[in-house]
Amino acid sequence: MSALADETPGWGRRRLLAIVVAMVLVIVSGLVGLVYAVRGAVASSGTSGDGAAVAVDALPSGPSRRDAIAAAPMLEVTPQDSRGGTPAASPAPTIVVPAATGLGPAEVPTGFDRTTEGAIGQLAAIATTVLQSMSISQVRAVHEQWSAPDAPGVDEWALMAAVQAFLTSAAGRHVDEPGTAVVTVPVAAQVKGSDGDDWVVACVLLDVTVTVVSEARATYGHCERLQWADDRWVIAPGEAPEPAPSTWPSTDLATAAGWRTWMTSTGE
């Protein structure tokens with residue numbers, strides 16, 4: 001098997017997440033005749049991963065508080081933790097996320113309200129649109145339409161790195177062929193922190209299924225700074241948050257990492 005990207009500190013300059021897309025795709029050799037391995041990873045952020053809380057409550061609203069929230073470490077996990085795990089005996093806490101009400105710029109679902117749950121819904125819509133397209137031009141369009149003017153550039157975006165890594169892999173070379181598909185579904189989420197009612201670090205855990213003749217699944221945890229602007233949530237300025245743990249959903253490890261099982265609001 002080959003890797004989408006080496007797990008080396010070189011990726012750290014963009015502060016990409018500990019796992020951008022961790023997936024393995026194997027097609028049986030012999031009669032089938034081909035083996036593809038798809039795995040995307042970035043370097044460890046170098047944090048201890050012990051879940052130590054950063055004291056942000058004492059900080060006033062503003063840049064220092066927001067930077068402290070974004071920089072707080074999250075649980076460190078391994079690439080293997082994204083590909084499976086023992087189901088927990090007790091159900092995990094849940095989070096109810098509103099559904100999109102329309103289609104926004106760059107074909108991204110929108111219409112989420114000005115709540116932390118609404119921010120989570122918008123982030124998931126952005127991430128799923130990008131990853132399911134696996135198109136550089138679509139990534140650029142989404143970033144342009146859904147980023148604040150001073151937000152980090154598209155070349156520094158973790159989702160751009162994920163798409164680039166996939167397209168340079170063995171499976172990525174077949175992305176335009178019939179039967180090849182990438183499907184992402186949000187399965188869990190968490191609010192890492194907020195500052196007022198118009199700024200939040202939201203995190204989503206996506207179930208990613210890649211199909212190239214056969215299937216492979218893995219999870220991908222992703223966090224962003226988001227701010228409310230022009231009646232919608234957009235990617236906010238500032239350095240990217242620390243890595244989100246990519247854990248298999250509904251496991252004790254997922255709960256320990258702070259993930260809450262995704263539930264979509266019925267609107268009732």
Side-chain angles (χ1 to χ4, degrees), residues 5 7 11-12 14-24 39-57 66-97 116-117 119-124 126-128 131 158-159 161-162 184-194 200-209 216-226 239-264:
E7 295 181 58
W11 287 85
R14 300 180 185 177
R15 296 182 69 80
L16 299 181
L17 309 178
I19 297 174
V20 173
V21 181
M23 41 185 139
V24 174
R39 178 183 168 195
V42 298
S44 167
S45 66
T47 59
S48 63
D50 60 3
V54 175
V56 297
D57 291 343
R66 296 178 180 190
D67 289 346
I69 292 171
M74 303 185 78
L75 186 69
E76 269 191 11
V77 297
T78 68
Q80 289 71 29
D81 294 322
S82 72
R83 296 194 287 270
T86 302
S90 300
T94 60
I95 186 167
V96 180
V97 182
T116 54
E117 293 82 6
I120 286 171
Q122 189 62 76
L123 176 59
I126 291 170
T128 55
L131 294 178
L159 293 179
T184 60
V185 179
V187 291
Q190 61 180 292
V191 176
K192 191 178 182 187
S194 61
V200 61
V201 173
C203 304
V204 295
L205 184 67
L206 304 174
D207 185 335
V208 182
T209 299
R217 288 177 60 197
T219 56
Y220 166 44
H222 179 64
C223 296
E224 291 278 7
R225 299 181 186 227
L226 298 170
E239 196 168 3
E242 283 296 302
S246 296
T247 61
W248 198 246
S250 302
T251 60
D252 287 330
L253 185 63
T255 300
W259 295 115
R260 293 175 173 265
T261 300
W262 183 289
M263 297 183 65
T264 301

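Nothing fancy with the numbering, it's 1 onward along the sequence. All of these numbers come straight from a predicted model, not from anything done at the bench.
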Taking salt bridge (Lys or Arg N to Asp or Glu O under 4.0 Å) as the test, write out the residues that go with Asp207, two or more places apart. Arg217
Under the side-chain contact (heavy atoms from CB on, under 4.5 Å) rule, what do His222 and Leu123 come out as? Steps first, then yes or no, please. CA-CA 9 Å; His222 179 64; Leu123 176 59; 3.9 Å; yes
With sequence neighbours excluded, what pairs up with Ala257 under the side chain to side chain contact (heavy atoms under 4.5 Å, CB included) test? Leu75, Pro245, Thr247, Trp259
Met74 and Cys203: which non-hydrogen atoms are nearest, and at how many Å? CE-SG, 4.1 Å
When you compare the side chain of Thr255 with that of Pro93, does any pair of heavy atoms fall below 4.5 Å? yes
Gln190 and Gly258 have their tightest heavy-atom pair at CB-O, 3.4 Å
Which atom names give the shortest non-hydrogen contact between Pro241 and Val201, and what distance separates them? CG-CG1, 4.0 Å
Taking every non-hydrogen atom, the tightest pair across Ala88 and Asp252: CB-OD1, 3.1 Å
Residues forming a side chain to side chain contact (heavy atoms under 4.5 Å, CB included) with Thr251, sequence neighbours excluded: Trp248, Leu253, Ala254
Can you see which heavy atom on Glu117 is nearest to which on Val97, and at what distance? O-CG1, 3.5 Å
Sequence neighbours excluded, the answer for side chain to side chain contact (heavy atoms under 4.5 Å, CB included) partners of Val200 is Thr116, Ala119, Val191, Ser194, Leu226, Trp233
Quickly, which of Ile120, Ile126, Thr184, Thr128 forms a side-chain contact (heavy atoms from CB on, under 4.5 Å) with Val204? Name it, please. Ile120
Are Thr261 and Pro91 close enough that some pair of their side-chain heavy atoms sits under 4.5 Å apart? no
Minimum heavy-atom separation for Gly121 and Trp262, please, with both atom names. CA-CH2, 4.2 Å
Side-chain polar contacts of residues 66-73 - donor-acceptor pairs under 3.5 angstrom, sequence neighbours left out - could you list them?
unit_1	atom_1	unit_2	atom_2	d
Arg66	NE	Asp195	OD2	2.7
Asp67	OD1	Arg225	NH1	3.2
Asp67	OD1	Arg225	NH2	2.9

Apply the test side-chain hydrogen bond (donor to acceptor under 3.5 Å, both in side chains) to residues Asp81 and Thr78: give CA-CA distance (whole Å), side-chain angles for both, the deciding distance (0.1 Å), then the verdict. CA-CA 5 Å; Asp81 294 322; Thr78 68; 3.1 Å; yes
Please name all residues satisfying side-chain hydrogen bond (donor to acceptor under 3.5 Å, both in side chains) with Gln122, sequence neighbours left out, ordered by chain then number. Thr110
